[in-house]
Amino acid sequence: MSKANLLDRRQVVSTLLANRKDVVAIGGLGASTNDMCAAGDHARNFYLWGGMGGGAMIGLGLALAQPQLPVLVITGDGEMLMGMGSLATIGLQKPANLSIAVLDNEAYGETGGQTSHTSAAADLVGVARACGINDSRAVTTMAEVEAFAKAVHDISAGPRFANVKIDSASLERILPTRDGAYIVNRIRADLGFQPI
C-alpha cells in the first residue's frame, strides 16, 4: 500500500471506540493512549504510561479476570514488537473476549520516528497467527476497521488481532492523566469494585 493511502490514526481509534458500550480499552504507550483520550476520555480507558510492551499482557489479564466484558487493546507497532512474546501467551490462553488493534505506522514514534521492523521483515499478523490467534487480519480500509470494531463486542469468538496500517502524521498530543492509582481505581469503580 502506498504511503498516500494509509489510514488516519485518530479516525481509526475514534471508530474503534465510537459504539463502545461496555468495552474496557487499554491504550499502549504513546500515541495510541493520546488518540484514545482524543476520542473522548472514559472511565473504562486504561492509559499505559512507562510500560513499553505491556499493553497486550494487561489486556490479557483484564480479559481473563472479566470474561463477560469485551476488552480492547489499542497499541502501536513499536510496543507490539517489544511485547511480541505476549501473543504466544494470548494464543495459549485464548481469551474469547480479547481484541488487539495495532496502529502500525512502521515507525518508532516515541523515540524519534525511526523506521520499525514492520516496514520490512516483521509480519505481526503472521506472528499472531503462528501463536494461535486464528482471527488475525491486516486492516487497510475504514470498512475493515468498522468490521473489527463490531467484532470486538463478540465475547465468544476471540481472541482477535488486527494490524492497522496508519499514516505517520505528527498530531497534537492529547494527554490523559498520568496518575496510575487514579486510572486503576476509576476503572475498578466503573466495574463495581472497591478502590485499592
Side-chain angles (χ1 to χ4, degrees), residues 9-87 89-90 93-104 109-110 124 128 133 145 148-155 158-164 166 171 173-196:
R9 73 175 209 238
R10 290 256 163 100
Q11 184 181 10
V12 167
V13 173
S14 180
T15 299
L16 289 171
L17 297 173
N19 297 305
R20 71 183 293 161
K21 299 174 186 160
D22 54 355
V23 169
V24 178
I26 294 94
L29 186 66
S32 52
T33 279
N34 299 334
D35 295 339
M36 279 176 51
C37 188
D41 189 30
H42 193 281
R44 292 192 180 192
N45 282 1
F46 184 91
Y47 303 116
L48 188 59
W49 296 106
M52 182 75 163
M57 289 307 282
I58 290 170
L60 172 63
L62 277 168
L64 293 175
Q66 299 292 319
Q68 76 287 0
L69 293 176
V71 176
L72 172 63
V73 175
I74 302 173
T75 192
D77 53 311
E79 192 197 39
M80 194 71 255
L81 285 164
M82 180 168 270
M84 207 168 358
S86 63
L87 296 176
T89 304
I90 291 165
Q93 294 290 320
K94 297 202 180 308
N97 58 329
L98 178 62
S99 301
I100 301 166
V102 176
L103 307 176
D104 185 0
E110 293 304 298
L124 292 176
I133 303 173
V145 172
F148 188 80
K150 287 178 186 170
V152 165
H153 297 282
D154 182 353
I155 61 170
R160 64 188 57 82
F161 179 93
N163 193 65
V164 185
I166 60 164
L171 303 172
R173 291 181 176 185
I174 310 296
L175 298 173
T177 181
R178 292 182 183 224
D179 184 335
Y182 169 78
I183 293 168
V184 168
N185 285 324
R186 180 172 75 160
I187 288 176
R188 286 180 60 83
D190 200 67
L191 296 177
F193 296 103
Q194 295 295 318
I196 54 172

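All figures in this text were calculated on a predicted structure; none of them were measured in a lab.
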Please identify each residue that fulfils side-chain contact (heavy atoms from CB on, under 4.5 Å) with T15, with sequence neighbours left out.
-> Q11, M142, V145, E146
L64: side-chain contact (heavy atoms from CB on, under 4.5 Å) partners, not counting sequence neighbours = L60, Q93, P95
Identify the heavy atoms of [X] and [Y] that sit nearest to each other, and give their distance.
X	Y	answer
A101	L16	CB-CD1, 3.8 Å
S99	R160	OG-NH1, 2.8 Å
I187	A43	CG1-O, 3.2 Å
R186	H42	NH2-O, 2.8 Å

For Q68, look at atom CD and say whether over 12 heavy atoms of other residues, nucleotides or ligands are found less than 6.0 Å away.
-> yes
With a cut-off of 6.0 Å (strictly less than), are more than 12 heavy atoms of other residues, nucleotides or ligands near CG of D41?
-> yes
[X] side chain to [Y] main-chain N or O, any donor-acceptor pair under 3.5 Å?
X	Y	answer
R9	I166	no
R44	D22	yes
N97	A63	yes

Euclidean distance, [Y] [atom2] relative to [X] [atom1], rounded to 0.5 Å:
X	Y	atom1	atom2	answer
T75	D104	OG1	CG	11.0 Å
L191	Q66	CG	CD	5.5 Å
T33	E79	OG1	CD	8.0 Å

Are [X] and [Y] side-chain neighbours, meaning at least one heavy-atom pair lies under 4.5 Å?
X	Y	value
F46	V24	no
V23	L69	no
I58	V73	no
I26	Y47	no
L103	N163	no
S86	M80	yes
L72	F148	yes
L98	I90	yes

Test side chain to side chain contact (heavy atoms under 4.5 Å, CB included), reference I74, set V12, L17, N45, output is L17
